[in-house]
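Quick notes on the structure that follows.
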Amino acid sequence: MPTPIGVVNARVCATQILTQVLGFRRSLADILEPTLNTLKDPRDRALAQQLCYGVLRFLPKLQAIAQLLLSKPFKKADIDIECLILIGLYQLLELRIPPHAAISATVDVAKTRQKWWAVKLVNAVLRSFQRQQTDLLDKIAQNPLAQYSQPQWILQQFQQDWAEEWQQLAVANLQQAPMTLRVNIQKIARDDYVELLKKQAIEAETIPNLSAGLILKQAIDVNLLPYFSEGWVSVQDGAAQWAAEILDVPENSHVLDMCAAPAGKMAHLIEKNPTLKITALDKDEKRIQQIYSTLNRLGLLSENVTIKAVEAQNIEQWWNSQLFDRILLDAPCSGSGVIRRHPDIAFLRKPTDILSLVERQKALLNAAWRVLAKGGKLLYATCSVFCAENHLQIEDFLAQHPDATALELPIHDGIKMSVGRQILTGQSQMDGFYYALLQKD
């Protein structure tokens, strides 16, 4: 019996996406949604997405198995066939699809690639794995890269920064993150939204100490959330929601969001206090459109919000000499705290990236300090668990700025550092995040 065409299409789609990520180092976030939208059936889209995330999440393990089954590596021109084999191995290892169906459907995709030699190869490799699975898994069991499915440099950095917690971090990156929501309290109270979810048979629980946070028992399509398109709720991790809780902003304050896109934290600030006057910056037009899209959906776009496409550290290009009462610097970072949500980060990042990111963070901090009013507060945030980007960065900043004082944070999640707090990936079901709150004396 031939494989149903939709099933083939989901795997074709996943092969196309993974070829772009692994072969051309494109970001999964940039290409996933447009490619998935070519599939009409939501079930096909769900399967294709699951395959992409799964392969990237377990990439080193799958590659280690493939190397044992292949006589030679693939040429770059055949990265699509390598991706297809990884898709097949992932199905056999992690999904409940019957092995014969997974193999048959994956081989059928090979037929669509116009590389007829690949059809026999894909079939042979997957059937060999099916026969030798126990022995192959035993062979790679002692390989830490395969065991934790993360690049060696990331594991080494975890070990250096978190000697006691590094294995916990590595394992957390392999888990699927929960779907976490932020209720727009300008539209509806959190408890009332929980009741709306119950009527739709969607189970949710509130996040302790967060005023608007919910965790769903099971992830769903956002379009199934009640009044999502009307802006009643957003998808945002609990750790990211701490930004608006920490940065106490008086009414009518002038606030600067230096790296604003996609505007989740800024939107949360406005939801809590609609009187704010906000200047939102980001460096390119594509990301600026994300800000407009977010604020439009939530009904938060107003004359109180000024949005500019500019490099935030180049203050002479955008600053009108008015000092800010509060600044949110959600700094560009390695993303090492959100690998479980964006598994391609582990593949696309390089150790040399950290040095350049630390320098950019430093430049942004210095620029922020120049435009912060005396007595004003700056919240520094990253979605990283690397110390160089977090408390070590702030320690260095404090040493260079005697007019800066680190304030205690009003949160208890995570680990108290020499300055600020570090939430490690998976703690309290949250992403890895760092926060430090500084006041200008």
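These numbers come from a predicted model, not from an experiment.
Counting only distance, with no hydrogens or angles, the side chain of T35 and the backbone of I31 share a donor-acceptor pair below 3.5 Å. W162 places no side-chain N or O within donor-acceptor distance of the main-chain N or O of F386, the cut-off being under 3.5 Å. Remark: side-chain polar atoms of W318 are paired, donor with acceptor, to backbone N or O of A312 under 3.5 angstrom. Y193 places a side-chain N or O within donor-acceptor distance of the main-chain N or O of P226, the cut-off being under 3.5 Å. Between the side chain of N296 and the backbone N or O of Y292, at least one donor-acceptor pair lies under 3.5 Å. Using modelled atom types, one side-chain atom of S27 and one backbone atom of A29 make a donor-acceptor pair closer than 3.5 Å. Within the 3.5 Å criterion, the main-chain N or O of E203 finds no donor-acceptor partner in the side chain of K217. No donor-acceptor pair under 3.5 Å is formed between the side chain of D80 and the backbone N or O of T19. The backbone N or O of G213 lies less than 3.5 Å from a partner atom in the side chain of R190, making a donor-acceptor pair. A donor-acceptor pair under 3.5 Å is formed between the side chain of D344 and the backbone N or O of L28.
Here the closest non-hydrogen pair linking P262 and T294 is O-OG1, 2.6 Å. Across every non-hydrogen atom of L328 and A243, the tightest pair is CD1-CB, 4.5 Å. A pairwise comparison of heavy atoms in A368 and M258 identifies CB-SD, 3.3 Å as the closest pair. For I315 against A367, the heavy-atom pair with the smallest separation is CG2-CB, 3.9 Å. Nearest heavy atom pair, residue A204 against residue L216, reads CB-CD2, 3.7 Å. For the pair P144 and L155, the tightest heavy-atom approach, listed with the atom from each and the gap, is O-CD1, 3.9 Å.
A 6.0 Å sphere centred on CD of Q176 holds no more than 12 heavy atoms belonging to other residues, nucleotides or ligands. Residue-environment remark: CZ (R370) stays at or below the threshold of 12 foreign heavy atoms within 6.0 Å. More than 12 heavy atoms of other residues, nucleotides or ligands sit less than 6.0 Å from atom CD of Q156.
With hydrogens and angles left out, the side-chain atoms of Q91 and R11 include a donor and acceptor closer than 3.5 Å. T15 and R113 form no side-chain donor-acceptor contact under 3.5 Å, judged by distance and modelled atom types alone. Judged by distance alone, the side chains of D413 and Q427 never bring a donor and an acceptor atom under 3.5 Å apart. When only modelled atom types and interatomic distance are considered, Q241 and D237 share no side-chain donor-acceptor pair under 3.5 Å. Side-chain contact, N184 with H268: no donor N or O sits under 3.5 Å from an acceptor N or O. With hydrogens and angles left out, the side-chain atoms of Q236 and T180 include no donor and acceptor closer than 3.5 Å.
Residue L22 holds its CG atom at 11.5 Å from CD1 of I17, rounded to the nearest 0.5 Å. The CG atom of L196 sits 11.5 Å away from the CG atom of D191 when rounded to the nearest 0.5 Å. Of the inter-residue distances, the one linking I327 atom CD1 with L256 atom CG reads 5.0 Å to the nearest 0.5 angstrom. Note: D441 CG to H401 NE2 = 12.5 Å, rounded to the nearest 0.5 Å.
Using a cut-off of 4.0 Å between Lys/Arg side-chain N and Asp/Glu carboxylate O, E271 and R182 are scored as salt-bridged. In this structure, D353 pairs ionically with K350, as a charged nitrogen and a carboxylate oxygen lie closer than 4.0 Å. Between D431 and R341 there is a salt bridge, since a side-chain N of the basic residue sits under 4.0 Å from a carboxylate O of the acidic one. No salt bridge links K265 with D257; every basic N to acidic carboxylate O contact stays at or beyond 4.0 Å. Salt-bridge formation is not detected for the pair K277/E303: no Lys NZ or Arg NE/NH1/NH2 atom is positioned less than 4.0 Å from an Asp or Glu carboxylate oxygen. With respect to the salt-bridge test (charged N to carboxylate O, under 4.0 angstrom), the residues E408 and K416 qualify. A salt bridge links R326 with D248: at least one charged nitrogen is closer than 4.0 Å to a carboxylate oxygen. Between K377 and D325 no salt bridge is recorded (no basic side-chain N to carboxylate O distance below 4.0 Å).
No side-chain heavy atom of L47 sits less than 4.5 Å from a side-chain heavy atom of L39. Between K61 and L93, the closest side-chain pair of non-hydrogen atoms falls below 4.5 Å. A heavy-atom distance below 4.5 Å is found between the side chains of W369 and D403. Side chains of L438 and T405 form no contact here, defined as non-hydrogen atoms less than 4.5 Å apart. Counting heavy atoms from C-beta outward, F58 and E94 have side chains that approach closer than 4.5 Å. Between M179 and L225, the closest side-chain pair of non-hydrogen atoms falls below 4.5 Å. Within the 4.5 Å cutoff, no side-chain heavy atoms of N314 are placed close to those of W319. You'll find the side chain of S234 stays beyond 4.5 Å of the side chain of L181, heavy atoms only.
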Determine whether D41 and R43 satisfy the following criterion, salt bridge (Lys or Arg N to Asp or Glu O under 4.0 Å), listing intermediate values before the conclusion. CA-CA 5 Å; D41 192 323; R43 292 170 297 180; 2.8 Å; yes
Verdict with reasoning, V310 to D282, per side-chain contact (heavy atoms from CB on, under 4.5 Å): CA-CA 6 Å; V310 66; D282 217 287; over 6 Å; no
Kindly determine whether E395 and S418 satisfy side-chain contact (heavy atoms from CB on, under 4.5 Å), including the steps that lead there. CA-CA 8 Å; E395 282 181 5; S418 58; 2.3 Å; yes
Chi angles and distances behind the side-chain contact (heavy atoms from CB on, under 4.5 Å) call for I278, T306: CA-CA 6 Å; I278 292 186; T306 301; over 6 Å; no
Verify side chain to side chain donor-acceptor pair (under 3.5 Å) between E251 and N273, making sure each step is shown before the conclusion. CA-CA 7 Å; E251 289 196 355; N273 190 344; 5.4 Å; no
Stepwise side-chain contact (heavy atoms from CB on, under 4.5 Å) test for L357 and R349: CA-CA 11 Å; L357 285 165; R349 280 280 180 231; 4.0 Å; yes
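Annotation: ring pair (Phe, Tyr, Trp, His ring centres under 6.0 Å) contacts of Y148 (sequence neighbours excluded): W166. By the salt bridge (charged side-chain N to carboxylate O under 4.0 Å, His left out) test, R45 is found to be paired with no residue, residues two or more places apart in sequence or in another chain being considered. Under the rule for a ring pair (Phe, Tyr, Trp, His ring centres under 6.0 Å), the partners of W232 that lie at least two apart in sequence or sit in another chain are Y227. For the ring pair (Phe, Tyr, Trp, His ring centres under 6.0 Å) test, no residue two or more places apart in sequence or in another chain qualifies with F228. For F433, the ring pair (Phe, Tyr, Trp, His ring centres under 6.0 Å) test picks out Y435, with sequence neighbours left out.
Residues in residues 383-393 take part in these side chain to side chain donor-acceptor pair (under 3.5 Å) pairs, two or more places apart or across chains: S334-S384, S334-E389, S336-S384, Q361-E389, Q361-Q393, T382-N390, S384-E389, N390-Q422.
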